[in-house]
Amino acid sequence: KSSKPTTVKIGIFEPMTGANAAGGAMEVEGIKLANQLYPTVKVGDKEYKIELVLADNKSDKVEAANAAQRLVDQDKVNVVLGSWGSSLSMAAGPIVKDKKIPAIAMSATNPLVTKGNDYYFRVCFIDPFQGTVMANYAAKDLKAKKAVIIREVSNDYSVGLAKFFADSFKKLTGDENAILGELNYNTNDQDFTAQLTTLKSMKPDVIFAPGNYTESALIIKQAQELGITAPFLGGDTWEAPEFIDVGKKATEGAVFSTFFATEVPITDTSKTFLDAYRKQYSKEPAAVTALGFDGYLVARAAIEKAGSLEGAKIRDALAGVQAFPGAAGLITFDQNRDATKSAVIKTVKGGKFTYLTTVQP
Amino acid sequence: MRLARNHLYSLAATAAFLALLVAGDLWFDSFSLRVWNLCAIYVVLALSLNLVNGFTGLFSLGHAGFMAVGAYTCALLTMTPEQKEMNFFLAPIVPWLAHVHLPFLPALLAAGIVAAALGFLIGAPALRLKDDYLAIATLGFAEIIRVVLTNTQSLTNGALGLKGLPMFSTTWVVWPCAALSVAFMVLLTRSSYGRAMKAVRDDEIAAGAMGIDVFRVKVVSFAASSFMAGVGGALLGHLLTTIDPKMFTFMLTFNILLVVVLGGIGSITGSVISAVAVTVGMEALRFLDGPLDFGIFALEARPGLRMVVFSLVLMGVVLFRQRGLMGNREFSWSMLSRAGLLPRTAEGRDGHA
Amino acid sequence: MLKVEGLSVHYGGIHALQGIGLEVPDGSIVSLIGANGAGKSTTLRSVVGLVKPTAGTVSWNGETLTGLPTREIVKRGVCLVPEGRRVFPNLTVDENLTLGAYSRSDKAGIAADRKKVFGFFPRLEERAKQKAGTLSGGEQQMLAVGRALMTRPKILMMDEPSLGLAPLVVKMIFGIVRAINQEGVTVLLIEQNAKAALEIADHGYVLETGRIILQGPGKELLADDRVRSAYLGEAAAATAARAT
Amino acid sequence: MLRTEGVTMKFGGLTAVSELSLDIGKGEIVGLIGPNGAGKTTAFNVITGVTPPTEGKVFFKGEDVTGLARHQVTRRGMARTFQNIRLFKDLSVLENVLVGCHLQMDSGLFASTLHLPGYRRKDREARAFAMELLAEVGLAGEAGELAVSLPYGKQRRLEIARALATRPALLLLDEPAAGMNPQESVELMHFIRRIRDQFDLTILLIEHHMQVVMGICQKLWVLEYGVTIAQGDPAAIQRDPKVIEAYLGVE
Amino acid sequence: MTLALFLQHLANALALGSLYALIAIGYTMVYGILRLINFAHGDLFMLGAYLAFYGVALFVMPWWATFAIAILVTALLGVGLERVAYRPLRDSPKISVMISAIGASFLIENVAIVLFGGRPKGVTVPDVFNVKLSSHGVSVMSVSVVIPVFTFAILAVLLWIVGKTRTGMAMRAVSTDLDAARLQAIDVNRIISFTFGSGSLLASFGGILWSYKYPQLNPLMGVMPGLKCFIAAVIGGIGNIQGAVLGGFLLGGIELLTIAFLPTLTGYRDAFAFVLLIVVLLVKPAGLLGSRQAEKV
Ligand SMILES: Nc1ncnc2c1ncn2[C@@H]1O[C@H](COP(=O)(O)OP(=O)(O)OP(=O)(O)O)[C@@H](O)[C@H]1O
Ligand SMILES: Nc1ncnc2c1ncn2[C@@H]1O[C@H](COP(=O)(O)OP(=O)(O)OP(=O)(O)O)[C@@H](O)[C@H]1O
Ligand SMILES: CC(C)C[C@H](N)C(=O)O
Ligand SMILES: [Mg+2]
Ligand SMILES: [Mg+2]
């Protein structure tokens with residue numbers, strides 16, 4: 001207790017290698033950008049430098065737990081940010097809870113991440129909401145009557161989203177049999193022709209295919225090759241440049257929900273973020289990059305508000321966050337520590353992600 | 001006299017180890033403690049793999065599957081009904097499991113038993129195969145187990161996995177488990193049954209001609225190893241407090257295999273040393289991915305460097321010390337005295353005492 | 001002439017050969033006898049480069065063989081019929097023989113040699129299309145000798161060619177040894193059957209625990225008391241006869 | 001003691017053993033000889049349960065043992081050695097013999113790992129017996145060595161000691177003298193005779209060393225191309241023209 | 001199920017099966033010579049695909065030129081791999097060699113992650129391979145027609161090499177007994193290098209065609225195909241080249257047709273491959289066309 005710290009440490013708990021590396025990298029971009037713009041924080045009346053400590057969780061649960069433990073224990077970080085991938089976040093859950101260090105997930109949408117864990121927050125919406133949004137879009141905007149779901153059965157996110165979509169699509173169409181079929185595939189599969197051929201014979205109006213962009217892009221491409229014309233709908237994970245890069249022309253017209261659209265800056269922070277990002281990278285940011293930016297800002301604001309580096313205090317400050325202006329919209333944490341936020345629907349047009357509409361919660 | 005001395009040494013070593021455990025439990029920070037406890041789990045896992053691969057000569061790559069079964073069994077038996085309800089939000093859990101809630105030890109035992117039973121079921125057909133064929137078939141079984149776990153939503157919660165397992169894997173659980181495993185292996189390898197296993201490993205036909213029921217020895221050792229793997233998996237689950245099917249891919253088996261081979265296949269000592277060294281080493285190398293790359297955006301290039309170094313070390317060991325650290329030798333006090341690390345018995349000081 | 005000087009071989013800690021010297025003059029038959037584990041096989045294996053000696057040299061007609069890869073040594077006409085039946089079990093008898101002639105390209109010569117081998121071992125001709133792995137021990141030994149002949153060796157080294165062979169075949173093998181020697185092939189022979197080996201040998205060496213302890217013309221060795229009692233088992237045989 | 005009835009073994013089109021009918025009495029030393037590839041080892045394999053015969057039956061001590069697994073045959077009191085030595089190469093000489101004792105100890109995984117009292121006693125006995133056997137074959141001094149580090153001749157003797165450790169009534173030796181020089185072969189003859197008396201054995205052996213075969217066998221069976229071409233006492237066999245032509249050759 | 005639908009499924013199965021077959025051939029060759037499960041085979045597959053990708057993307061070469069260069073470079077890498085990681089272990093226990101193979105595989109993957117980045121890359125498929133052919137409601141891409149042609153052509157060439165040429169016989173000799181092969185004046189190292197080179201060449205050949213069919217690259221892309229094709233090789237009888245082809249088609253067929261007929265079981269797809277494997281092994285322990293080496297006692 002003798003020598004007071006002169007820095008505040010924020011731990012970045014992200015997959016930098018392994019299957020989720022792309023997502024991790026995008027979030028880290030946002031966090032780093034925010035750190036460049038706002039490198040310090042005022043605690044009480046003292047100005048502290050914010051130091052980022054990165055730990056690669058390798059997209060692996062055992063590694064993730066070690067990495068998280070290391071962040072809170074050895075690096076003594078005050079807040080943890082991450083991780084892309086809900087199951088990785090869940091591996092960190094008990095650790096941050098035990099050490100009373102608040103953690104903020106940026107894009108982990110699985111409800112279980114924050115459920116029953118007072119120390120885990122998230123700056124994005126959750127899958128039940130996302131599923132409803134897409135069901136709405138399918139039933140109302142596309143006037144679809146019948147849908148087929150093709151999901152990544154070994155991916156918690158995909159399975160969850162598929163279920164939420166199915167439930168609300170059935171409700172919206174008032175048709176118990178509105179889902180013609182649920183087809184599965186596995187992570188890292190590359191050939192989907194069998195599923196798609198079956199799918200084609202079901203003649204759906206719309207296809208819901210939540211899953212990683214890697215497999216999804218191939219699915220859409222192979223669907224086109226098989227002559228499937230029904231539109232593809234998906235979730236936030238599609239928003240990665242590789243989605244278009246891999247799927248090429250086939251992805252034209254694919255629709256998905258996500259957190260943020262650069263075309264519709266919501267707050268002043270959005271503008272700050274966009275300007276800084278475009279200047280630095282001369283390209284358009286992904287939604288999760290904006291969320292990474294927001295995660296950092298919320299953490300910083302909470303520390304400032306708590307006026308202390310004590311975990312429990314920062315946690316309480318976070319719990320009290322109301323309408324915080326983030327780059328990807330206003331952030332208010334509900335009693336489950338999930339942000340109630342609007343969803344953005346985008347499509348691929350001319351080889352670019354294009355804003356379609358915003359759906360309020 | 002040498003015997004008495006060696007007993008003394010062993011007693012001292014045990015005491016020192018116990019002291020280390022107490023000290024660790026008291027003074028290690030939770031990160032070090034976690035890594036330290038992970039070491040113990042890897043000891044159990046490495047020994048279990050060494051039992052089939054090293055001592056019975058069965059090339060088995062199915063460990064992840066047995067670990068998964070153990071981890072799931074133990075988790076489902078120990079989680080509170082509330083936790084289960086929270087976890088199974090997509091499809092409710094099967095009724096007969098919903099309200100089961102056992103203390104840890106019986107559940108751990110059950111994990112081992114279920115895994116062993118499965119090992120028995122799988123072993124009965126698979127152990128008719130040999131070498132690489134056995135390896136690929138057991139790997140196949142493990143993958144099948146994983147696929148089944150992924151798809152049986154109302155039993156395992158499928159891809160969502162389980163979260164909120166009670167944190168039972170404390171020092172005083174995992175290290176005794178490791179110690180028991182070591183004791184079991186040492187006693188086994190010194191016993192007649194252990195010799196029968198080694199005989200089967202060296203020459204099946206000759207072993208049969210010695211009246212050894214070769215197939216039975218194989219199945220028993222396979223099931224015993226599955227038991228240990230199941231327990232190890234359960235311990236791992238309760239250390240992480242969350243599990244899902246993706247944890248238990250064949251990469252996990254490979255990792256354990258690497259530990260075993262680095263230590264020396266067929267050596268208990270080797271497995272123990274290597275389990276600790278690899279677990280600690282992997283964490284110690286973390287700096288390669290870490291703060292080095294701060295400030296500039298060299299970031300994308302850096303991560304992964306740790307694994308590159310790890311692979312290089314691994315290859316180095318395999319290439320330059322082909323039989324691993326210990327070969328198939330075991331630690332003994334006389335080994336240390338031969339190496340000059342302990343006073344030789346002949347000129348021992350205990351003569352003065 | 002094959003000349004071995006000061007040859008030492010270690011297997012890990014075992015000092016299997018401790019400075020061996022021997023000479024095999026062109027056109028002669030030389031036998032190497034000695035108890036099990038004396039280092040006979042090791043000597044031959046080092047000559048063809050399958051074992052790397054720790055000291056010493058092997059030379060063939062003045063050229064140093066030590067350090068050359070096995071195939072180069074074999075190409076120079078130094079050929080070994082290894083101990084144990086190292087035939088290729090998955091290849092047919094025919095293919096095994098063809099491989100013996102791997103380094104040769106004279107089609108006619110190869111065909112003639114194959115005929116000759118089948119002449120020596122009609123049993124092999126019967127089984128020409130059978131996989132060598134399913135041959136009996138003795139048949140495999142015949143094949144191993146036949147395969148070696150296919151290389152057209154200048155010096156043929158045989159490591160216990162009679163191991164596990166029926167008396168009739170053993171006789172035949174010794175006949176063949178003589179026959180090929182008469183055609184000008186030098187022979188270096190390892191045998192347990194010391195009597196037969198020394199009878200046909202121009203010169204013999206006795207090897208014990210990695211050292212040459214005795215050498216001399218075959219006939220002389222046969223008469224040597226030490227050889228008689230240690231390797232020919234004559235004293236013991238007498239006792240045995242009485243006991244029956 | 002051992003009786004086979006019309007044992008026939010076919011590999012694809014090849015009849016390795018045909019209609020073999022052995023009959024061996026208690027305490028006899030019987031030889032099985034014949035040219036290479038005659039089917040001697042195959043006959044051993046059939047008798048000891050390595051491969052079930054295509055046709056025919058094997059009786060041991062009056063009991064039908066045809067088609068039993070290897071270890072079951074051994075448990076009924078048959079032990080063998082192999083033409084190509086098959087020792088447990090990573091085990092010490094003593095341990096090799098102890099493996100042979102495992103059968104007698106009859107202890108399961110738990111009893112032996114937990115070193116239960118019953119096991120301890122049996123273990124002590126087994127060790128004593130194993131050392132006795134090693135002394136018998138002259139390997140007591142090498143008990144701690146690795147089996148592979150022994151020279152060939154000693155490995156053969158170790159294999160015999162190991163087989164004896166199963167306390168067999170019938171011992172089958174496949175070319176025990178192979179790779180031995182005449183001196184050693186003669187010693188082997190004594191040895192075989194001695195163990196027969198000492199352990200109350202019946203012995204069936206395959207051998208090409210005629211000195212050995214003629215020296216110790218009371219009865220001989222001669223195979224050629226799987227067919228029994230002669231049987232009888234050594235003296236008669238040595239005179240049998242068919243045997244001379246097929247196998248012994250003329251002096 | 002309508003006929004058109006069935007035919008479509010069949011076409012899919014053939015397309016996938018022939019790709020499996022192609023890769024399995026290389027696997028089986030390498031296994032055959034060293035009795036080594038070359039876990040790095042899948043990684044050479046990945047390297048081939050990346051090399052071809054960079055050839056087009058960075059050096060703007062025509063696809064066929066980069067194709068040729070990529071497979072040759074990968075073949076050399078395979079030869080190098082054998083030299084560095086396997087040759088020193090020739091006399092070591094099998095398990096050490098296998099660990100070395102796993103280590104090599106880890107190393108290649110991790111170096112690839114550092115070099116190429118962990119994020120996937122999209123491949124621009126050359127136009128010839130990207131033509132959609134359809135008739136009677138069945139559509140396939142031209143690449144899926146090209147692959148089986150290659151597969152069978154390669155099969156024929158290899159059968160000839162292994163069965164009829166001197167090199168082939170030497171390959172078979174080397175695969176059973178190194179020392180005995182040396183004694184026949186066979187240059188054992190050259191034969192092994194040759195086999196490894198050809199196997200690696202086929203791996204990258206397969207990898208590139210794979211990336212034309214599934215236009216996405218990532219450093220771990222070889223893991224699953226590697227495993228599947230090894231399974232295919234085992235099913236057919238490892239070491240046996242026709243067996244590899246048979247196994248490849250069978251695996252592709254089972255994987256896709258079971259899904260076609262039992263769509264509810266799609267989640268179990270990966271298990272099918274293994275179930276097939278295990279069933280085959282239990283019935284025919286050496287695979288369908290493999291011959292078990294009779295063990296002489
Ligand atoms: N690969 C090896 N590793 C270790 N030791 C070996 C090896 N090969 C041979 N030896 C040892 O080297 C010594 C000489 O063996 P070698 O095979 O040359 O004897 P030999 O005279 O041919 O005997 P035999 O008559 O049994 O064939 C023996 O003590 C043997 O145990
Ligand atoms: N597994 C098998 N498959 C095919 N043929 C076999 C098999 N085992 C043995 N044979 C054949 O059966 C015949 C008898 O072989 P066996 O090994 O019994 O001969 P043997 O009498 O022991 O000869 P040797 O004295 O040379 O050892 C041989 O021709 C051999 O080729
Ligand atoms: C697919 C995932 C890696 C990302 C997703 N949003 C989640 O919460 O898990
Ligand atoms: Mg020898
Ligand atoms: Mg035989």
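Each chain gets a letter, A, B and so on, in the order its sequence line appears, and its residues count up from 1. Just so it is clear, the structure is predicted and the values come from calculations on it, not from any experiment.
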Which atoms of [X] are under 4.5 Å from chain E, going by heavy atoms: the side chain, the backbone, both sets, or neither?
| X | result |
| --- | --- |
| C:Leu99 | both |
| C:Leu80 | both |
| C:Arg76 | neither |

Practice problem: Return yes when atom CZ of E:Arg83 has more than 12 non-hydrogen atoms of other residues, nucleotides or ligands closer than 6.0 Å, and no otherwise. | Solution: no
Quiz item: Heavy-atom count around C:Lys115 NZ within 6.0 Å, excluding the residue itself: above 12?
Solution: no
Self-check item: chain C neighbours within residues 177-190 of chain E, where any heavy atom lies under 4.5 Å away
Solution: E:Asp177, E:Asp179, E:Ala180, E:Ala181, E:Arg182, E:Leu183, E:Gln184, E:Ala185, E:Ile186, E:Asp187
Exercise. Kindly indicate whether the side chain of C:Phe88, heavy atoms from C-beta on, has any atom under 4.5 Å from the side chain of E:Arg172.
Key: no
Practice problem: Against chain E, work out which of C:Lys131, C:Arg147, C:Glu72, C:Arg45 has the most heavy-atom pairs shorter than 4.5 Å and name it. | Solution: C:Arg147
Quiz item: Among C:Val81, C:Val74, C:Val87, which has the most heavy-atom pairs under 4.5 Å with chain E?
Solution: C:Val74
Quiz item: Among residues 56-68 of chain C, which ones touch chain E with a heavy-atom distance under 4.5 Å?
Solution: none
